[in-house]
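Quick note: numbers below take in every heavy atom, side chains included, and nothing from hydrogens, waters or symmetry partners. Treat the numbers as computed from the prediction; the structure is a model and nothing was measured.
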Amino acid sequence: NLVMTVPATTRAWRMFEDRPEALSHFFARAGEAPRFIAFDDTVGCPLDQALAVVEWTEAAGILHDDDVMHAAWIRPDAAAAVVERRDGERRSFAYFGPRMDAPYADPGECELIYDGPGVRAYAFAERGPALAHFLRATQGTGAILALLARRGPELRHVRRWLKELFAAPPTAEHRSTQLMAGWFATSGAGCLFLPAQAGEPYSYCEVGTDS
C-alpha cells in the first residue's frame, strides 16, 4: 500500500527586548518572502479574529484561495481587504469592506462587483486607488499593508500558516496577538508581535514545514 506522508510543522518563538533587533531579525528571516507591515506599528493589527474572518469570507465566496493580499483590516464585527486578482493577462485590485449607514461616495474609476449583506466590493484597475479607498474607509488604524516586498502574500498561505500559528495557543509569555509585521510563503511564515504591555518584549513566531 502507498503511504502518504505529510511534513511535520516546526514552530519556534524568540523574544526581543530591543525594537530594532526585533525588526532586524524579522527582515533577515523574511528574505524576499511576501510580507505585511502594520500601517501604525505602535498599534499593530489584532489577529484574534483573523482566521475566522478568512474562513468565513472564503466559504462565502467573497475571497478566493489564490487572491493576493495587499491590505487587511480586522475587527470583531467588521473587516476590510484589498486583494489582487488575475483573469488571463488582465489584473484588477478589489476592495471588500463593510456596508456603512453613511457610506463614502462611491469611488471613481472602479466598478461595483459585489453588493451583499454587510459587504460591498469594488474593482480598481490600479493598486494605488484601491489602497487609497481602503485607507479612507478604515482610517488605517489596525490595518496591515503589503510593503517592502515584490508582491503581497497569497490568501492560501495566510490561511494555512495562521491555522498552524494558532494551533498551539500562545503562552502568557507570548500572549500578544497585535501583529507588527508578518511574512507568508509556501514553506513557512513568520510573525512579529508587539509587546502585550509597555516594557514587555517583542515576540517573533516562525512556523514552517520540517522537510
| query | Should the pair F124 and H133 be assigned to parallel (<30°), tilted (30 to 60°) or perpendicular (>60°) ring geometry? | reply |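 Judged by the thresholds at 30° and 60°, the geometry between F124 and H133 is tilted.
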For Y95 and Y122, take the angle between the two ring planes, folded into 0 to 90°, and tell me which bin it lands in: parallel under 30, tilted 30 to 60, perpendicular over 60.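 Geometry flag for Y122 against Y95: parallel rings.
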*Rounded to the nearest 0.5 Å, how far apart are CZ of R150 and CD of E32?*
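One finds 5.0 Å between CZ of R150 and CD of E32.
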Tell me, which pairs form a ring pair (Phe, Tyr, Trp, His ring centres under 6.0 Å) where one or both residues lie in residues 46-75, sequence neighbours left out?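 Sorted result for residues 46-75: H70-F93.
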Handout entry: V68 with F134, same ILVMFWY side-chain cluster at under 4.5 Å
Key =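 No: no chain of side-chain contacts under 4.5 Å links V68 to F134.
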Requested in this report: Say whether, by atom type as modelled, one donor and one acceptor occur between the side chain of D87 and the main chain of R90 under 3.5 angstrom.
Outcome: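 Judged by distance alone, no pair lies under 3.5 Å.
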Review point. Is it true that a side-chain atom of S176 and a backbone atom of L194 form a donor plus acceptor pair closer than 3.5 Å?
Key: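 Checking the backbone N and O of L194 against the side chain of S176, a donor-acceptor pair under 3.5 Å is found.
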Decide if atom CD of E126 counts as having more than 12 heavy atoms of other residues, nucleotides or ligands within a radius under 6.0 Å.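 Incorrect, the count does not exceed 12.
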> Is atom CZ of R156 surrounded by more than 12 heavy atoms (other residues, nucleotides or ligands) closer than 6.0 Å?
Replying inline: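 More than 12 within 6.0 Å, yes.
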**Q.** Any M69 side-chain heavy atom under 4.5 Å of E154 side chain
**A.**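 They are not in contact (no side-chain heavy atoms under 4.5 Å apart), so the answer is no.
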Close side-chain approach of L192 to L23, heavy-atom, < 4.5 Å:
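The answer is yes; the side chains approach within 4.5 Å.
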* Asked: Which other residues belong to the hydrophobic cluster containing V53, where Ile, Leu, Val, Met, Phe, Trp and Tyr are joined when side-chain heavy atoms lie under 4.5 Å apart, directly or via other members?
  ->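 Members other than V53 - counting any ILVMFWY side chain reachable under 4.5 Å - are I74.
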